[in-house]
Protein chains: 2
Amino acid sequence: MADNGARNSRSAERRDAILSAAREVFIETGFEDARIAEIGRRAGIAEGTVYLYYKTKTVLMEAVLADFWEGLTQGAGDTTARHSAPLEQLRALADYHLTGVIRDLPFLDLAAKLRKAYSIDPQTRDRLRAYVAVFDAVYQAGISTGAFRDDLPLWIPRDMFYGTLEYSARTIALREAERPTGVVDNLIQAFQRTYGPAPTESLSEALIERLERAVEKIDPTPG
Amino acid sequence: MADNGARNSRSAERRDAILSAAREVFIETGFEDARIAEIGRRAGIAEGTVYLYYKTKTVLMEAVLADFWEGLTQGAGDTTARHSAPLEQLRALADYHLTGVIRDLPFLDLAAKLRKAYSIDPQTRDRLRAYVAVFDAVYQAGISTGAFRDDLPLWIPRDMFYGTLEYSARTIALREAERPTGVVDNLIQAFQRTYGPAPTESLSEALIERLERAVEKIDPTPG
DNA sequence: GTGTCATGCTGAGATGGTCTCATTATTTTG
DNA sequence: CAAAATAATGAGACCATCTCAGCATGACAC
C-alpha cells in the first residue's frame, strides 16, 4: 500500500513536531508548569491530538528524555573513540560529560522529577546503563592493558567518576560560575593514583635510610 | 501575657502535627500524589486549616525538608566529633552520610522535585551549605595538621566526597542490594592517595634495584 | 463526481486536584 | 456572660489533565 507509507511518514512528522514542541516547553517551564495545550499550540495541533500520540504528560516527558540520553550516549562513544590511551579516554569522557551535564542540567532535573521514590522504570534504567557502558568499556580496556587495577568491582570507580562529575556540575551551576579548570584534571589524577596499577611495594622510611647508609659505604658516588 | 504562651504552644503543636503527617504522606506517595486532604485527615484537622499554617503545598514540603536537613547536619557533627584523626573523621562522616542517604533517598528525590531548573531557593542553599560545612571543617583541620594538601580549592575534594557517596547510594538503592562493603574504604583510600600530603619522591625501580644489590653485598641478612 | 468507509482530529466537558473565603466555632477579655 | 478577637471549617472557585462523541479528510469503487 503506497498510502500506508505516506500515512506513516505524516504520522511520524506529527510525533516529531510534538516531541520538539514538548522539549521546548518542558525546558522553559519545567514539568509541572508545562501545559499540554501550549505544546499542542506550538506543534500546530489541538490539545486532544497530543494525547493520541502520547498517552499522558509523563509518557511524553519520558520520550523527550529518551531522545536526550540517546544523543548523549552517541556523543560519549564518539569522544572516547578519538583517543587511545585509557587515561586520555577517561579525561575526554570526563570533559564531555561535565560539559554536557552543565549544559543540560535542567533536563537532568526533569529526569529526577519523574523518578519515583523507590524505583526507576526499566526503560530509563536501560538508557542509563547504555550511557555508563561507555565508561565501563574504557575501564575494562584499561584493565586489560594493565593501566587500571582489576581487584575492585567495576562500579566503584564508575560511581566515583560519574558521582564526582555530576556533583561538580551542580556546584558549578548553582554558583553560576564559569566552568573552573581543575575539576577534570583532579579527577583524572585521583583515578591514576587510586585505580592505577598497584604501586611497587612502597619502602618504609626506615628501610630507605638503611639502604642509603649501606650504599654510601660501598659506593659514595651519587646515583 | 500568660495565655499568649499557651496559644503559641497550641499553635506550635498543630504545626508539628501537620508537619509529621505531611512527612508521612510525602514519603508514602511522593510530592505529586500527596493529597492535602489526607495530610489534614492524619493531623486531625480540616483541609482548609492546613493552609492556615502552610500557605501552599510546596511551602509545606520545604518545611518537611528543612527538618530533615537539620537532623542530618546535627548527626554529622556528632559523628565526626567522636574521632580525632582527620582520615578517621572523614571515614566516619562518609559512613554516616552513606547510611543516611540510602535510608532517606526518597527524601532526596523529593528535594530534587522541588528544585527549579535553573535555581535553588536561598534557604535550601543555606541548609545544604550548613551540611557540607561539616566536611569542610574536618578537611580544614586536616590541612592545618598536614594530613591534607592545601594547594586545591576546598570544593574539589568536597565534590568528590559527596558526589561519590551520593551516586553510590543511588546505585545501591536501584540495585536493591544490601549495602556492599568497600564503598567507604575505597573512597578514603582515594582521598588519602589524592589529597594526602605529597608523597616522598618515589624511587625509580632501577634505583631500588641498585640499592638492593648493594645492600646484599655488605649485609646479606634480610631487613 | 459521488457515496462509502476508515482513519485522524477536534475541543467541550468530565474528573479531580489546590487553594479561597464566607461562615461557624472557640477562646479571650472587660 | 456578653462582646470582641481569633481559629477552624468545608463548600465551591478555579484550573489542570485526560476522554470521547462527533466532525473532517482522504482513499477507493463505480
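When reading the values below, keep in mind they use all heavy atoms of this one structure, side chains included, and skip hydrogens, waters and symmetry mates. Not measured: the values here are computed from a predicted model.
- A salt bridge between A:R42 and A:E28 is present, with a side-chain N of the basic residue lying under 4.0 Å from a carboxylate O of the acidic one.
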Scan the side chains in residues 58-68 of chain A for donor-acceptor partners under 3.5 Å anywhere in the protein, sequence neighbours excluded, and list what turns up.
none

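- The distance between the ring centers of B:Y139 and B:F148 falls below 6.0 angstrom.
- Rounded to whole Å, the distance from CZ on A:R15 to P on C:dC9 is 12 Å.
- For B:L52 and C:dT20, the CG to P distance is 10 Å, given to the nearest whole Å.
- For the pair A:E47 CD and C:dT15 C1', the interatomic distance rounds to 14 Å; values are reported in whole Å.
- Taking atom CD1 on B:I36 and atom C1' on D:dG10, their separation rounds to 15 Å, with Å as the unit.
- When distances are taken from the side chain of A:T49 to each of D:dA16, C:dC9, D:dA7, the shortest belongs to C:dC9.
- Residue contacts shown for B:Y53 are limited to sugar-phosphate atoms, with no base heavy atom under 4.0 Å away.
- A cation-pi arrangement, defined by a distance under 6.0 Å to the six-membered ring centre and an angle within 45 degrees of its axis, is present between A:R15 and A:Y54.
- Using a cut-off of 4.0 Å between Lys/Arg side-chain N and Asp/Glu carboxylate O, A:R170 and A:D109 are scored as salt-bridged.
- Comment: B:D95 engages B:R179 in a salt bridge, judged by a side-chain N to carboxylate O separation of less than 4.0 angstrom.
- Rounded to an integer number of Å, the gap from NZ of B:K55 to P of C:dC21 is 11 Å.
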Q.
Give the dot-bracket line for DNA chain C from 5' end to 3' end: parentheses for intra-strand Watson-Crick or G-U pairs under 3.5 Å, square brackets for crossings, | for inter-strand pairing, dots for unpaired.
A. ||||||||||||||||||||||||||||||
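- Atom OH of B:Y51 is separated from atom P of D:dA7 by 20 Å (rounded to the nearest Å).
- Rounded to whole Å, atom P of D:dA8 lies 8 Å from atom CD1 of B:I18.
- The aromatic rings of A:F26 and A:F31 sit parallel to each other, their planes meeting at less than 30°, with 60° as the upper class boundary.
- Residue B:G48 is the one, among B:G48 and A:R35, whose nearest nucleotide of DNA chain D lies closer to the 5' end (criterion: closest heavy atom).
- The aromatic rings of A:Y131 and A:W69 are tilted relative to each other, their planes meeting at an angle between 30° and 60°.
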Please write out the pairs of protein N or O atoms and N or O atoms of nucleotides 22-25 of chain C separated by less than 3.5 Å, giving the distance to one decimal.
none

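- Note: CD (A:E32) to P (D:dT17) measures 11 Å, nearest angstrom.
- Residue B:A46 places its side chain closer to D:dT9 than to any other of C:dT18, C:dT10, D:dT9.
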Q. Please walk me through it: do B:Y162 and B:L93 pass side chain to side chain contact (heavy atoms under 4.5 Å, CB included)?
A. CA-CA 10 Å; B:Y162 286 113; B:L93 183 59; 3.9 Å; yes
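- OP1 or OP2 of D:dA8 has at least one side-chain nitrogen or oxygen of B:R14 nearer than 4.0 Å.
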